[in-house]
4 protein chains.
Amino acid sequence: MSASKTFFQLDQAKQQAVVDTALSEFSEHGFHQASTNRMAQVLGIAKGSFFKYFGNKEGLFRYVFEHCKDLFSAPLRSIRAQTQGKDFFTRVEQSLLAGLAFIQRHPRVYRLYIKMLHQERFPLRETLLAEVRAASAKYLRSLVREAQANQELRPGLDQDAVVFFLDAVMDRFLLAHTLAFMDADLGLFQADQETTRHHLAQLMAIIRHGLADDGGTPFEETPHA
Amino acid sequence: MSASKTFFQLDQAKQQAVVDTALSEFSEHGFHQASTNRMAQVLGIAKGSFFKYFGNKEGLFRYVFEHCKDLFSAPLRSIRAQTQGKDFFTRVEQSLLAGLAFIQRHPRVYRLYIKMLHQERFPLRETLLAEVRAASAKYLRSLVREAQANQELRPGLDQDAVVFFLDAVMDRFLLAHTLAFMDADLGLFQADQETTRHHLAQLMAIIRHGLADDGGTPFEETPHA
Amino acid sequence: MSASKTFFQLDQAKQQAVVDTALSEFSEHGFHQASTNRMAQVLGIAKGSFFKYFGNKEGLFRYVFEHCKDLFSAPLRSIRAQTQGKDFFTRVEQSLLAGLAFIQRHPRVYRLYIKMLHQERFPLRETLLAEVRAASAKYLRSLVREAQANQELRPGLDQDAVVFFLDAVMDRFLLAHTLAFMDADLGLFQADQETTRHHLAQLMAIIRHGLADDGGTPFEETPHA
Amino acid sequence: MSASKTFFQLDQAKQQAVVDTALSEFSEHGFHQASTNRMAQVLGIAKGSFFKYFGNKEGLFRYVFEHCKDLFSAPLRSIRAQTQGKDFFTRVEQSLLAGLAFIQRHPRVYRLYIKMLHQERFPLRETLLAEVRAASAKYLRSLVREAQANQELRPGLDQDAVVFFLDAVMDRFLLAHTLAFMDADLGLFQADQETTRHHLAQLMAIIRHGLADDGGTPFEETPHA
DNA sequence: TATGAATGAGAGTTCATTCAT
DNA sequence: TATGAATGAACTCTCATTCAT
């Protein structure tokens, strides 16, 4: 688990405090701008302790990341099991709602992910992001595959294109509707709680019309220039 | 324009070189990891000059950003004018193609935007991003408004929701299909040149089905839990 | 003996292990670069134990040194006894051979001596080295005294000068011919096993010509400037 | 020369002060125990300046070393030229006297060499020492070669063995007779000024008897055990 | 008595910023 | 006005030593 025995021998409250403080620092400042000094000061522990626990800054980050991945994995498995057998669009909608709930409960975890996505290079960036993306893509792909098997989607749609489309729309929806829970203003469209419900309904309607098999293709393709 | 008189008294070539070098540095390293020392060395000017011209690192960044915004505004106005009178979905597709072309011509400008979007906190982040988003939203909103006036969109769709939807999908499409031009691997889906055309066709089909008035609403809304 | 009662109450095997590990560490890294943490880890004992046993790093070093001095003293006495009655130059040669044998058997002891000789300042350096040199000088002096009593050396040679001369030559010979057993490349001349014998013969010839009474002094002293 | 332009633009007095302080620090503490912080404090300059001048601690060390090598090279060439044509033993004696003079004038240079010889590993150790040894060996070897050409040495003596012998004896002589000028007590035999002259005469006599062609070999080789 | 977690001074290094020239 | 040497706070990381358990 990339932390030393010493760390795991700390009492739970202290372990929690360390991870909590580090998560705050990393999610607020990213990797390079995060300061181990500052974390130590906030925690009231010696600077050297981090290095006893995690070897170096990178080890600390990796541990925090693993912690976040664990937090994230459980709900993902749970929502998939709970919606087994329901129609594709209901499953998508439930996924969005589950995503909203997770982010409301763990805003810093989500912000850390956001920070990692586009931040400057740091040691484990590619490796760690690949893990997240793989989990997310695998989940969506399984939903799409089952939907295609059940002939819920319009014929002629690429699996890749659909996954990409859903990933983009859902990701952006979550971002827009959870910014209020994060202290960072990313300059994007932000919804208040009240409009989220309505917005979700609209989005789901678009997705349905966009992807569902409606028994015909009334539009002709535009020729490219 | 956030630069001193001194700077504008430099000959054009030198002004250009300063902006160019700074754009490279910021787009490659973000704000904090960018090094004024390195820029000065590359330019062959004194470190102190930056501070004479722009006050501090933040001022330099702001100036570079303004420059990028100018680069970006012209094509946006141009594409809008060129597609005047065409149907909504054609305009959307042309916008995507124009976006692709812009990013191929100015990869560093786009990468700077990507870096800004989610990177570590830096002084002007929110202000600057808001300007970008405002320009983009304004553009899309005008397209959607005209489309609704021409009854090209399905009745019952919120303007806000449509704008949000388009913004999300188009943004993600551009990112996925231009990563090849940038040296950053963001861990996201990346298309090679050959698949871009096909992917664009698929995406446009989804958008059409999702938004166009097809003379009926075959789906009922899902009740929320 | 510079260690606490606590240490001597440990069983012999453990005491031995502590000295052995510390000898390895000090002979490999010198004093300051040696790490008490590393030693404790290798031994599988608590870091605090060293400080209980020896007070501090310096105390540990002193103890290891005493141990080495004991190892060294026995062979020195032994070779002196064994060569009693032989001619001076034979005794010198036997001493060199004994030195070679000792270093082959105890390379770490010799390397520790080498490290101490000229390494960075550390607390007991002068005191400890003086002890080694005293033992060595005393041994050589007794050999020379007896040789002069037996009129084996050329008249007019100072005892001090002869002792100094022998000390220098023998020390360097041992160093050059045992570097192969140590992992340190000191940048000096290094002999392989095969040339050692030949080199020893040459050196002994020089020493004999240089020191033995040959019944005349064919050279006149050069006047100094 | 391994230092930046910045350094060479300092006025001579300051350059001198920097090298001087660094030489003191390195010759006193070796490489790893030397502290750039301490040097900066002694000099009354900022810590960062060293890194501007020399890149890192290793660069500083290398520069100091080069400086010392320059100091050392001139007298070596000079003494060789001055003694051209004199007999071998005179040249050796003059070399010793020149060595004494050099060390009296530059005790820290000599101590640095001594420190380097046996200290813990540091980055450039082998490279730098090789340079010193090469210069020294080359000098002695040329003397010995000429002596053999002039039939000044006893037949049957290996060139290698003679060079080794001279190197050992001269090195030790210089060490013993210059320790008084260095603040480090290396635990070796130390001569005061008054005895140096006498000691040198004795040593030269031994060397002469040991190496010179005396027209016969009155000693038989001892058989080895 | 033995432990090993905690400490914190100090290490080398970086870099935005200042200011005398 | 332009310069670039100097600054010094802040960075990550190490390790001998202490002390509560």
Side-chain angles (χ1 to χ4, degrees), chain A residues 4-7 9-11 14 32-41 43-60, chain B residues 4-7 9-10 31-41 44-60, chain C residues 4-7 9-10 31-41 44-60, chain D residues 4-7 9-11 14 32-41 43-60:
Chain A
S4 75
K5 211 185 67 181
T6 309
F7 178 70
Q9 282 167 351
L10 298 176
D11 64 88
K14 189 146 192 186
H32 279 118
Q33 289 307 118
S35 161
T36 53
N37 279 6
R38 198 159 38 206
M39 294 187 233
Q41 199 178 14
L43 281 166
I45 66 173
K47 301 189 278 173
S49 293
F50 280 120
F51 299 90
K52 277 279 186 295
Y53 299 155
F54 305 104
N56 55 24
K57 193 182 182 180
E58 182 181 322
L60 172 59
Chain B
S4 76
K5 209 184 68 182
T6 316
F7 177 69
Q9 285 168 351
L10 297 175
F31 182 78
H32 279 116
Q33 296 286 308
S35 160
T36 53
N37 285 6
R38 198 159 38 208
M39 294 188 234
Q41 199 182 13
I45 69 171
K47 285 179 278 186
S49 295
F50 280 122
F51 296 87
K52 280 282 188 290
Y53 300 155
F54 306 103
N56 56 21
K57 196 182 183 179
E58 180 183 322
L60 172 59
Chain C
S4 75
K5 208 184 68 181
T6 316
F7 177 69
Q9 284 168 352
L10 296 175
F31 182 79
H32 279 115
Q33 297 286 309
S35 160
T36 53
N37 285 6
R38 198 159 37 208
M39 293 187 233
Q41 200 183 11
I45 68 170
K47 286 180 275 185
S49 295
F50 280 123
F51 297 87
K52 281 280 188 292
Y53 300 154
F54 306 103
N56 56 21
K57 196 180 182 180
E58 179 183 323
L60 172 59
Chain D
S4 75
K5 210 185 69 184
T6 309
F7 178 70
Q9 283 167 352
L10 298 176
D11 64 89
K14 189 149 192 182
H32 279 117
Q33 290 307 118
S35 161
T36 54
N37 282 5
R38 197 160 38 208
M39 293 187 234
Q41 200 179 14
L43 281 166
I45 67 173
K47 298 193 278 174
S49 294
F50 280 120
F51 298 90
K52 278 278 187 294
Y53 299 155
F54 305 103
N56 55 23
K57 193 183 183 181
E58 182 181 323
L60 172 59

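To find a chain, count down the sequence lines: A is the first, B the second, and so on, and within it residues start at 1.
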Practice task
With DNA chain F as reference, determine whether N37(A) or K57(C) sits nearer its 5' end, using the nearest nucleotide of each.
Solution key: N37(A)

Exercise for the section: Report the distance from atom NE2 of H32(A) to atom NE2 of H32(B), rounding to the nearest 0.5 Å. Expected result: 13.0 Å

Problem - Nearest-angstrom distance from the residue atom CG of L10(A) to C1' of dA6(E) - result: 10 Å

Practice task
Check whether any side-chain N or O of S35(D) sits under 4.0 Å from OP1 or OP2 of dA11(E), and answer yes or no.
Solution key: yes

Exercise for the section: Would you mind classifying the nucleic acid contact of L60(B) as base, sugar-phosphate or nothing, using non-hydrogen atoms under 4.0 angstrom? Expected result: nothing

Fill in the blank from the handout: Taking dT7(E), dG8(F), dG4(E) as options, the one with an atom nearest any side-chain atom of A46(D) is dG8(F)

Handout entry: Geometric cation-pi criterion K57(B) and F31(B), 6.0 Å radius, 45° cone
Key = yes

Practice task
Would you mind reading off the distance between F31(B) atom CZ and dA16(E) atom P, rounded to a whole angstrom?
Solution key: 9 Å

Problem - Whole-Å gap separating C1' (dA11(E)) and NE2 (H32(D)) - result: 11 Å

Practice task
For A34(D), report the nucleic acid contact type (base, sugar-phosphate, nothing); a contact means any heavy atom under 4.0 Å.
Solution key: sugar-phosphate

Exercise for the section: Enter the distance from L10(D):CG to S4(D):OG here, rounded to the nearest 0.5 Å. Expected result: 8.0 Å

Practice task
Ignoring backbone atoms, establish whether K52(B) has a side-chain N or O less than 4.0 Å from OP1 or OP2 of dA2(F).
Solution key: no

Problem - Base paired to dA20(E) (Watson-Crick or G-U; both N/O distances under 3.5 angstrom) - result: dT3(F)

Handout entry: Strand partner of dT12(F), provided both Watson-Crick or wobble distances fall under 3.5 Å
Key = dA11(E)

Completion exercise
The answer to which of T6(A) and G55(D) contacts DNA chain E further toward the 5' end, by nearest nucleotide, is T6(A)

Handout entry: Nearest-angstrom distance from the residue atom CE of M39(B) to P of dT17(E)
Key = 11 Å

Problem - For atom CZ of F54(B) and atom C1' of dT17(E), their distance in whole Å - result: 16 Å

Problem - Any Y53(D) side-chain nitrogen or oxygen under 4.0 Å from OP1 or OP2 of dA5(F) - result: no

Exercise for the section: Give one of base, sugar-phosphate or nothing for N56(A), where a contact means two heavy atoms less than 4.0 Å apart. Expected result: sugar-phosphate

Fill in the blank from the handout: OG1 of T6(D) to NZ of K52(D), rounded to nearest 0.5 Å, is 8.0 Å

Fill in the blank from the handout: To the nearest 0.5 Å, atom CD of Q9(B) lies from atom NZ of K5(B) at 5.0 Å

Problem - Touch class at under 4.0 angstrom, heavy-atom based, for Q9(A) against every strand present - result: sugar-phosphate

Handout entry: Earlier contact from the 5' end, DNA chain F, for E58(A) and F51(C)
Key = E58(A)

Practice task
Calculate the interatomic distance between K5(A) atom NZ and dA6(E) atom P; express it in whole Å.
Solution key: 13 Å

Practice task
Output the distance between atom OG1 (T36(B)) and atom NZ (K47(B)), rounded to the nearest 0.5 Å.
Solution key: 8.0 Å

Exercise for the section: Measure the distance from CZ on R38(D) to P on dA9(E) and round it to the nearest whole Å. Expected result: 17 Å

Fill in the blank from the handout: Between CD of Q41(C) and C1' of dT14(F) the distance, given in whole Å, is 14 Å

Practice task
Look at S49(A) and dA5(E) and indicate whether a side-chain polar atom (N or O) is within less than 4.0 Å of OP1 or OP2.
Solution key: no

Problem - Polar pair under 3.5 Å, donor/acceptor by atom type, side chain K47(A), base dT7(E) - result: no

